[in-house]
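Below is one structure, written out as structure tokens; comments come after it.
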Amino acid sequence: MVVPQPKTAAVEVPEKPPLRLPPMLISWLQATPLALILGAFLALPILMIAVVSFWDYDFAQMYPDFVTFNYAETLGSWVTWRTYLNTLKYTFLVWALTLFIGFWVAYFLAFHIRTSTMQMVLFLVCTVPFLTSNIIRMISWIPVLGRNGLVNSVLVEAGIVSVPIEWLLYSDFAVVLAMVHLYTLFMVTPIFNTMMRIDRSLVEAARDAGASGWQILTNVIIPLSKPGMAIGSIFVVTLVMADFSTVQVMSGGQSASVALMMKNQMSLLQYPAAAANAVVLLALVLLMVAGILRVVDIRKEL
């Protein structure tokens, strides 16, 4: 006779709760890869430049030391101050012209071109010059502005001038013109992007309220376009302050900028002096960017 075995009740093992990390730790882990990249490729090189700016040097090599005469020579020389003022002059002129041209180009694309397809086509047309390098686009102005170039030939043959105009090339005018040509798109793109995000009902409401075209522009479109104008201004200011090739070629060596001065110092193996100028230039650019962000709070308006 088989005696049935008593059934044993199944023992339920309680499941372990899933491991949950604190939200702050998750945020730090997500930001770690970007922090490592920025630290390795941005913060560390800037720190190395700042350290080298205090080193000593001669005609052959650098000596690890802590000296301040590199900054004394940079900030105590009237030639250096004139170079910085010349760079600021280029920056202001190029910024003002690119802002004016970029705003109206973006305004035309955003509000006068009805179809989005045509807007994208015309915007891509604006980017065609970027298919070539900056140097080629810059040098292309030489046969146009030269003494025997296209502009002077037309003016002389038309009888507008009797002799070719000398200041069209190898002058501050040529430098500013080339920079405006090179950097206007950096102003058009963010302004166009901001204008495309403006609610068209706001424009229609202002028009229904009896506002003129100029009032709509000044009271609706321009205030709502400020973030794009600020971003474009940051792009243009930083690019112009760091440009040396345009100044060297288009001025014919008759003008100077801070970046060109740093390039000449590095060619003479004066790396600590160039590093000191780089630190001062970085501080100046950061002050200018902070001033732009002071006027327009991008985080609040985007």
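Here the structure is a predicted model, which is why all the values come from computation and not from measurement.
Considering only heavy atoms from C-beta on, Met179 comes within 4.5 Å of Val247 through its side chain. Residues Val249 and Val175 are not in side-chain contact: their nearest non-hydrogen atoms beyond the backbone lie 4.5 Å or more apart. At a threshold of 4.5 Å between non-hydrogen side-chain atoms, the residues Tyr107 and Ile191 do not count as touching. With contacts defined as side-chain heavy-atom distances shorter than 4.5 Å, the pair Asp172/Tyr90 qualifies. No side-chain heavy atom of Leu145 sits under 4.5 Å from any side-chain heavy atom of Tyr170. Between Val163 and Val156, every side-chain heavy-atom pair lies at or beyond the 4.5 Å cut-off. At least one side-chain heavy atom of Gln248 sits under 4.5 Å from a side-chain heavy atom of Lys263. Contact annotation: the side chain of Thr80 approaches that of Asn277 to within less than 4.5 Å [non-hydrogen atoms, C-beta and beyond].
Classification of the His112-Phe108 ring pair by plane angle, with boundaries at 30° and 60°, yields parallel. Between Tyr71 and Phe54, the angle of the ring planes lies from 30° to 60°, which puts this pair in the tilted group.
Residue Leu182 forms a side-chain contact (heavy atoms from CB on, under 4.5 Å) with just one option from Thr246, Leu177, Ile135, and that option is Thr246.
Across Met195 and Ser225, no two heavy atoms sit closer than the pair CG-OG, 3.5 Å. Taking all atoms of both residues into account, the shortest heavy-atom contact from Leu169 to Ala174 is CA-CB, 4.0 Å. Between Met250 and Ala178, the shortest heavy-atom distance links the atoms CG-CB, 3.8 Å. Across all their heavy atoms, Asp56 and Pro272 have their closest contact at O-CG, 4.2 Å. When all heavy atoms are compared, the tightest approach of Leu109 to Gln119 is O-NE2, 2.9 Å. When all heavy atoms of Ala275 and Ile49 are compared, the pair lying nearest together is CB-O, 3.5 Å.
A donor-acceptor pair is defined here as one N or O able to donate and one able to accept, closer than 3.5 Å; no such pair exists between the side chain of Glu157 and the backbone of Val154. With hydrogens and angles ignored, the 3.5 Å screen pairs a side-chain donor or acceptor of Thr194 with a backbone N or O of Gly228. For the pair Asp199 (side chain) and Ser201 (backbone), a donor-acceptor distance under 3.5 Å is present. Counting only distance, with no hydrogens or angles, the side chain of Asn70 and the backbone of Trp55 share a donor-acceptor pair below 3.5 Å. Proximity of a side-chain donor or acceptor of Thr98 to a complementary backbone N or O of Trp95 within less than 3.5 Å is detected.
Phe92 contributes atom CZ, which lies 9.0 Å from atom CG of Leu97 (distance to the nearest 0.5 angstrom). Considering OG1 of Thr184 and CZ of Phe100, their distance stands at 12.0 Å, rounded to 0.5 Å. The distance from atom CZ of Phe173 to atom OG of Ser251, rounded to the nearest 0.5 Å, is 14.5 Å. One distance of note links CG of Leu122 with OG1 of Thr115; it measures 8.5 Å at 0.5 Å rounding. Rounding to the nearest 0.5 Å places CE of Met241 at 5.0 Å from OG1 of Thr91. To the nearest 0.5 Å, atoms CG (Leu42) and CD1 (Ile37) are separated by 12.0 Å.
In this structure, a donor-acceptor pair under 3.5 Å is absent between the side chains of Asn264 and Ser267. Side-chain atoms of Asp243 and Tyr183 form a donor-acceptor pair, as typed in the model, at a separation below 3.5 Å.
Transitive grouping of hydrophobic side chains (ILVMFWY, heavy atoms separated by less than 4.5 Å) brings Met138 and Trp167 into a common cluster. A chain of hydrophobic side-chain contacts below 4.5 Å, direct or via other Ile, Leu, Val, Met, Phe, Trp or Tyr residues, connects Leu202 to Leu217. Under the 4.5 Å side-chain contact rule for hydrophobic residues, Met288 and Leu282 do not share a cluster. No path of Ile, Leu, Val, Met, Phe, Trp and Tyr side chains, each step under 4.5 Å between heavy atoms, connects Leu281 with Ile46, placing them in separate hydrophobic clusters. Following chains of ILVMFWY side-chain contacts shorter than 4.5 Å, one can reach Ile101 starting from Val94, so the two form part of one hydrophobic cluster.
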>> Determine whether His181 and Trp141 satisfy the following criterion, side chain to side chain contact (heavy atoms under 4.5 Å, CB included), listing intermediate values before the conclusion.
In response: CA-CA 10 Å; His181 173 215; Trp141 282 104; 2.9 Å; yes
>> Run the side chain to side chain contact (heavy atoms under 4.5 Å, CB included) test on Phe244 and Val258 for me, step by step, so that the C-alpha distance in whole Å, both residues' side-chain angles and the decisive distance to 0.1 Å come before the verdict.
In response: CA-CA 8 Å; Phe244 67 89; Val258 180; over 6 Å; no
>> Could you walk me through whether Phe192 and Phe123 satisfy the ring-ring contact (aromatic ring centres under 6.0 Å, His included) test, starting with their C-alpha distance in whole Å, then the side-chain angles of each, then the deciding distance to 0.1 Å, before giving a yes or no?
In response: CA-CA 9 Å; Phe192 174 69; Phe123 180 76; 5.4 Å; yes
> Would Met62 and Val52 count as a side chain to side chain contact (heavy atoms under 4.5 Å, CB included) if you check the C-alpha gap in whole Å, the side-chain angles of each, and the deciding distance to 0.1 Å?
Replying inline: CA-CA 9 Å; Met62 300 181 296; Val52 172; 4.0 Å; yes
> Between Ser255 and Asn86, does a side-chain hydrogen bond (donor to acceptor under 3.5 Å, both in side chains) hold up when you go through it step by step?
Replying inline: CA-CA 8 Å; Ser255 188; Asn86 201 45; 2.8 Å; yes
> Checking side chain to side chain contact (heavy atoms under 4.5 Å, CB included) for the pair Met187/Phe235: CA distance, chi angles, key distance, verdict?
Replying inline: CA-CA 7 Å; Met187 189 71 76; Phe235 285 156; over 6 Å; no
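Annotation: Arg294, atom CZ; neighbour count of heavy atoms from other residues, nucleotides and ligands within 6.0 Å does not exceed 12. Heavy atoms from other residues, nucleotides or ligands lying under 6.0 Å from CZ of Phe41 number 12 at most. More than 12 non-hydrogen atoms from other residues, nucleotides or ligands lie less than 6.0 angstrom from CE of Met196. Crowding of Met48 atom CE: a count of heavy atoms from other residues, nucleotides or ligands under 6.0 Å not exceeding 12.
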